[in-house]
Amino acid sequence: MKTVIQEIPNKQSQPHSVAIADRKKGSLTGVLKVDGSSDSELSLTTSLGRLVITGSGLKITKFDEADGVLAFVGNVDCFKYTQAKQPLLKRIFK
């Protein structure tokens with residue numbers, strides 16, 4: 001009997017890229033999940049951290065979670081990367 005071991009790809013190591021055209025249409029790779037979506041904000045978790053896109057008329061047109069590819073349309077005002085907050089006890093006892 002042969003045992004086959006499949007290696008599960010590490011989603012954190014997915015390459016991350018951002019492409020935007022005329023501040024109206026964009027695509028991203030390395031998106032792990034969509035945390036929230038509204039007309040004025042897209043909140044995403046990427047392989048390089050959390051990303052918040054703000055603007056107006058924002059709408060996700062495609063999201064393939066398996067490949068980590070996301071496409072959106074709308075008027076983009078800002079791309080902002082943020083880090084996850086440290087746990088409270090770690091912040092208190094430095």
Closest heavy-atom pair, P15 versus S47, reported as atoms and distance to 0.1 Å, is C-OG, 4.2 Å
Q. Taking D22 for the side chain and K24 for the main chain, is one N or O donor matched with an acceptor at less than 3.5 Å?
A. no
Rounding to 0.5 Å, atoms CG (L44) and CG (L51) come to a distance of 5.0 Å
dist H16:NE2 -> T46:OG1 (nearest 0.5 Å) comes out at 4.0 Å
Practice item. State plainly whether the residues K33 and D35 are in salt-bridge range, i.e. N to O under 4.0 Å. Key: yes
Rounded to the nearest 0.5 Å, the NZ atom of K59 sits from the CG atom of D39 at a distance of 11.0 Å
Smallest heavy-atom separation, L42 atom then S37 atom, equals CD2-OG, 3.5 Å
For this session: With the side chain counted from C-beta on, respond yes when Q14 and V31 share a heavy-atom pair under 4.5 Å apart, and no when they do not.
Result: no
Practice problem: Answer yes if L48 and V34 sit in the same cluster of Ile, Leu, Val, Met, Phe, Trp and Tyr residues linked by side chain heavy atoms under 4.5 Å apart, and no otherwise. | Solution: no
Checklist entry - Same hydrophobic cluster for L58 and V18, using side-chain heavy-atom links shorter than 4.5 Å among ILVMFWY? => result yes
So CG of L70 and OG of S27: to nearest 0.5 Å the spacing works out to 8.5 Å
*Going through the checks in order, is the side-chain contact (heavy atoms from CB on, under 4.5 Å) test met by V52 and Y81?*
CA-CA 6 Å; V52 178; Y81 287 90; over 6 Å; no
Contacts of S56 meeting side chain to side chain contact (heavy atoms under 4.5 Å, CB included) (sequence neighbours excluded), chain-then-number -> N75
For D77, the salt bridge (charged side-chain N to carboxylate O under 4.0 Å, His left out) test, sequence neighbours excluded, returns R23
Let me check something: do V69 and I60 share a hydrophobic cluster, defined by ILVMFWY side-chain heavy atoms less than 4.5 Å apart, either directly or through other members? no
Distance col, row I53:CD1 vs C78:SG, nearest 0.5 angstrom, shows 9.5 Å
Sequence neighbours excluded, the answer for side chain to side chain contact (heavy atoms under 4.5 Å, CB included) partners of I20 is V76, F79
